[in-house]
Amino acid sequence: ALCRVSKVTTLFQIDCVGNLNLSGYNETTVLNSLSTVTAYGGDEKHLCALDGQTLKCAPLVYYSAAIKTPARAITGARLVAVADNTACVVTTRGLQCYDQNGEVKVATHPNWKSAEKLVGKNHAVCALFKSGELECDTVDGRTSFMTSLPTAFRTSVSDFVLAVDHVCALKSDATVA
């Protein structure tokens, strides 16, 4: 789905276009009544947004349950990604991921607090740093090639995309890895 943030009166909403709920390619409001939207991200099943210090999520497809809002405010959050029914945020403490019940699933990677970009897909989440380093991990404890990217692949990266079981990186020398 392709999504955009818009302001309606004094509140914000996020609308998405795609074959949501198998109803054809129509624009649908996915999240509304947001007082601020500091970041948002999603995958093929969920969209999550930071509304101040609150993580709010909604399903994009009819067969997927929403990821529940965590009970505590998430302080210092600035990036959001969704992977495998898990919402992940980069905070001042590092990476924190929440399962569908809003419970902390992963609270690791304190060095990820300086990430510039965060993307999730299936069971993986990857972060890109200003230094050009790319790091990936899984949100479910699986062993995956994502957790051990070759050094030559994960350095000097300027941008990347994450797909089902692979990652493609644009290197700073304009080559693709």
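Owing to the predicted nature of the structure, the values given are computational and were not obtained by experimental measurement. Nothing fancy with the numbering, it's 1 onward along the sequence.
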So which heavy atom on [X] is nearest to which on [Y], and how close?
| X | Y | result |
| --- | --- | --- |
| L162 | A124 | CD2-O, 3.9 Å |
| I14 | A49 | CD1-CB, 3.7 Å |
| C57 | A87 | SG-CB, 4.1 Å |
| C3 | L47 | SG-CD1, 4.3 Å |
| V30 | P59 | CG1-O, 4.3 Å |
| A39 | R78 | CB-O, 3.3 Å |

Roughly how far, to the nearest 0.5 Å, is the [atom2] atom of [Y] from the [atom1] atom of [X]?
| X | Y | atom1 | atom2 | value |
| --- | --- | --- | --- | --- |
| L95 | C88 | CG | SG | 5.0 Å |
| D84 | H46 | CG | NE2 | 10.0 Å |
| R4 | D15 | CZ | CG | 5.0 Å |
| R154 | C126 | CZ | SG | 12.0 Å |
| N32 | K56 | CG | NZ | 9.0 Å |

Under a 4.5 Å side-chain heavy-atom rule over Ile, Leu, Val, Met, Phe, Trp and Tyr, are [X] and [Y] clustered together?
| X | Y | result |
| --- | --- | --- |
| L31 | V5 | yes |
| L79 | V139 | yes |
| L11 | L34 | no |
| L128 | V82 | no |
| Y40 | F12 | yes |

Fill in the blank from the handout: When N85, T69, T86, V89 are each screened for side-chain contact (heavy atoms from CB on, under 4.5 Å) with Y98, the one that passes is V89

Problem - Residue K117 excluded, over 12 heavy atoms near NZ under 6.0 Å - result: yes

Exercise for the section: Start with the C-alpha distance between E44 and N122, add both sets of side-chain angles, then the distance that settles side chain to side chain contact (heavy atoms under 4.5 Å, CB included), and finish with yes or no. Expected result: CA-CA 9 Å; E44 64 278 356; N122 279 9; 3.8 Å; yes

Problem - Under 4.5 Å side-chain linkage, directly or through intermediates, the cluster mates of V161 - result: none

Which donor-acceptor pairs under 3.5 Å do side chains of residues 167-177 form with protein atoms, sequence neighbours excluded?
| residue | atom | partner | partner atom | Å |
| --- | --- | --- | --- | --- |
| K171 | NZ | A152 | O | 2.6 |
| K171 | NZ | T155 | O | 2.4 |
| S172 | OG | S156 | O | 3.4 |
| D173 | OD1 | T175 | N | 3.0 |
| D173 | OD1 | T175 | OG1 | 2.5 |

Practice task
Spell out, as yes or no, whether a donor-acceptor pair under 3.5 Å connects the side chain of D51 to the backbone of V37.
Solution key: no

Handout entry: Sub-4.5 Å side-chain heavy-atom contact between R93 and K113
Key = no

Handout entry: pair D99-I67: side-chain heavy atoms closer than 4.5 Å
Key = no

Problem - CA sep, side-chain torsions, deciding dist, call: L55, L50, side chain to side chain contact (heavy atoms under 4.5 Å, CB included) - result: CA-CA 5 Å; L55 180 67; L50 284 170; 4.2 Å; yes

Exercise for the section: Given side chain to side chain contact (heavy atoms under 4.5 Å, CB included), test W112 with L118 step by step and report yes or no. Expected result: CA-CA 9 Å; W112 283 30; L118 186 70; 4.0 Å; yes

